[in-house]
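Data block below; observations after.
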Amino acid sequence: MGVSLFQFSEDQAEAFDRVAEMLRGAGVDIDESITTPDAPAREDVLAVIGKAGSGKTMLLARLYEAMQDAGVDVISGDYESRRRKDRRTLAILAPTNKAASVLRMQGVPATTIHRILYTPVYDPEYEKVAEWLAGGAERPVVEGLTDIALDRAFAFYQTNRSIPGALAAAGLRGSDFITGWKRREDPLDIGFVDESSMLDERQFEDLKEIFPTLLLFGDPAQLAPVNQSGAMVFDGLPERRKLVLHRIHRQDLDNPILDLAHALSDESLHFEAFERMIADAARSDPRVVMAERVESDLMARSPVLVWRNVTRVRLIQAFRAAFGAPPDALVPGEPLICDGIELPLKHRKKRIDLEARGLIKGAQVIYLGPGNKPGFSRLHVVGAEDPQVSAASIIKIELPDEEEPFIPYAARMGAAFLHGAAVTIHKAQGSQWRDVQVFAPDLYAASRAGRMEAGIPLWKRLAYVAITRAEERLLWVTRNRLARPTEPLSIQDLNVAPKTFQLTAEAELEN
């Protein structure tokens with residue numbers, strides 16, 4: 001077996017063994033690295049739950065490696081090879097683009113749930129190239145593609161397992177080889193779902209229809225979906241179907257941010273004492289900062305995390321004023337949050353197209369500039385595998401004390417966006433940023449409100465989710481003030497894809 005168990009803690013090793021037992025029942029033996037082609041499909045769900053730092057992601061990565069060693073095919077969101085009856089499949093999913101990108105940066109080929117629900121339809125000629133790259137066919141002869149172009153595609157695919165990327169390396173555009181998107185009709189095999197605390201019951205039922213074998217990874221201390229009264233989908237599983245990780249691993253033992261997160265489990269801890277703990281941590285470790293004002297420069301890429309919508313709107317207005325953004329237009333580099341797709345039912349195909357390209361509700365987006373047609377915007381979808389998109393947009397900027405938002409750009413229909421310089425902590429779940437600013441006056445207001453969620457003070461759940469969004473540095477903002485920016489907004493930090501690799505939705509949305 002290719003997995004080194006000595007890396008595991010005792011609870012991780014126990015969870016690994018339990019998952020291995022479940023997978024054997026599904027026809028995949030990760031201990032012996034063998035698969036059974038005709039294993040009976042039966043519904044089986046396990047949940048691996050634990051707080052931040054307990055090793056959930058490391059366990060998921062090791063299970064993925066063991067599945068690979070056993071010869072299981074990994075299904076990605078960009079291309080699915082023709083199913084072979086003698087092969088078993090695995091899809092690794094996350095609810096958001098950013099959550100999927102966090103896994104991909106650790107070598108785990110994750111995609112979003114939407115990209116598995118909706119599959120791309122390839123032009124038949126270029127599908128021959130995709131099948132060849134995926135190992136399911138001989139090298140093809142395709143009109144318009146030279147041997148040199150095919151060699152470039154093959155070389156790209158050997159280092160980056162992306163079919164669209166490989167075809168782009170051959171000189172093709174997305175609109176050349178992807179002709180549309182369709183809702184998945186056939187079930188898959190085994191699914192791993194990260195950040196499962198974000199799932200609602202409807203999504204959970206959808207996943208169970210697609211995957212007879214499902215493994216959930218989730219943090220019980222996070223905030224439950226707003227429509228579920230504090231409950232998470234794995235809460236309803238029998239206790240024997242829940243594998244709990246308790247230990248915080250060595251690499252996280254000296255992390256002051258995780259220390260603060262876990263201190264919130266103390267039932268006697270009140271807000272003022274917690275804030276004193278943050279101040280103590282800030283005096284001894286630069287990874288924690290007691291800040292008297294919000295840093296406007298950071299807001300352009302990592303939003304301020306707040307509880308109340310009124311705070312969010314006021315901070316956004318302060319951000320735009322600080323950068324000199326005109327009231328009737330966006331400046332390239334301004335952050336946005338996708339608020340859903342506003343299309344009538346008859347345009348279901350267009351909705352699928354936009355969602356499959358990463359424009360799902362809650363997606364973080366950077367505005368790059370106006371598109372080539374009225375109402376269109378060029379956008380960078382943060383965390384998406386193919387981030388550059390041009391789409392019909394309805395962009396709303398909310399104003400303090402105003403019921404109706406200001407709309408600087410509006411197509412008749414398309415993707416809707418809110419400004420993203422500040423977001424609620426609920427919307428921040430599943431995302432991580434290098435530096436995170438938490439607006440402490442909002443959490444103090446939540447503590448004074450005395451609200452509870454699933455038996456835990458709401459302010460503690462909010463604080464836990466907010467501070468664990470920080471990868472390296474936590475800024476605990478104590479005052480309602482905004483620092484002046486040090487430089488203008490820019491898009492130079494974004495890895496802009498080659499022009500031939502852009503996937504645009506303009507043609508489809510114009511029809």
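Side chains are part of it too, since the values below use all heavy atoms of this structure and drop only hydrogens, waters and symmetry mates.
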Neighbour count above 12 (heavy atom, 6.0 Å) for Arg308 CZ: yes
Verdict with reasoning, Met67 to Ile190, per side-chain contact (heavy atoms from CB on, under 4.5 Å): CA-CA 10 Å; Met67 297 276 278; Ile190 299 165; 3.7 Å; yes
Shortest non-hydrogen separation from Glu195 to Pro95 and the atoms involved: O-CG, 3.5 Å
Test item: Arg461 side-chain N/O and Gln222 main-chain N/O as donor-acceptor pair under 3.5 Å: yes
Closest contact, heavy atoms only, Asp189 versus Pro212: O-CD, 3.2 Å
Side-chain (Lys56) to main-chain (Val48) donor-acceptor, under 3.5 angstrom: no
Backbone of Val45 reached by a side-chain donor or acceptor of Arg241 within 3.5 Å: yes
Distance-minimising heavy-atom pair for Pro187 and Glu209: CB-O, 4.1 Å
Other residues, nucleotides, ligands: >12 heavy atoms within 6.0 Å of Glu205 CD: yes
Contact summary for Gly55 and Leu245, nearest pair of heavy atoms: C-CD1, 4.0 Å
Side chain Arg434, main chain Ser302, donor-acceptor under 3.5 Å: no
Closest approach of Ile257 to Ile467 (non-hydrogen atoms, all atoms of both residues): CG2-O, 3.2 Å
Test item: Gln203 side-chain N/O and Asp200 main-chain N/O as donor-acceptor pair under 3.5 Å: yes
More than 12 heavy atoms of other groups within 6.0 Å of Glu267 CD: no
Among Asp17, Asp44, Asp31, salt bridge (Lys or Arg N to Asp or Glu O under 4.0 Å) partner for Arg24: Asp31
Nearest non-hydrogen partners of Leu315 and Val306, listed with the distance: CD1-CG1, 3.7 Å
Charged tip of Lys208 within 45° of Phe204 ring normal and under 6.0 Å: yes
Parallel, tilted or perpendicular: ring planes of Tyr464 versus His262, cut at 30 and 60 degrees: perpendicular
Salt bridge (Lys or Arg N to Asp or Glu O under 4.0 Å) partner of Asp435, chosen from Arg469, Arg473, Arg287: Arg473
Ring geometry between Phe271 and Trp476 (parallel below 30°, tilted from 30 to 60°, perpendicular above 60°): tilted
Any donor-acceptor pair under 3.5 Å from Arg104 side chain to Ala110 backbone: yes
Note, Leu462 side chain near Leu223 side chain (heavy atom, < 4.5 Å): yes
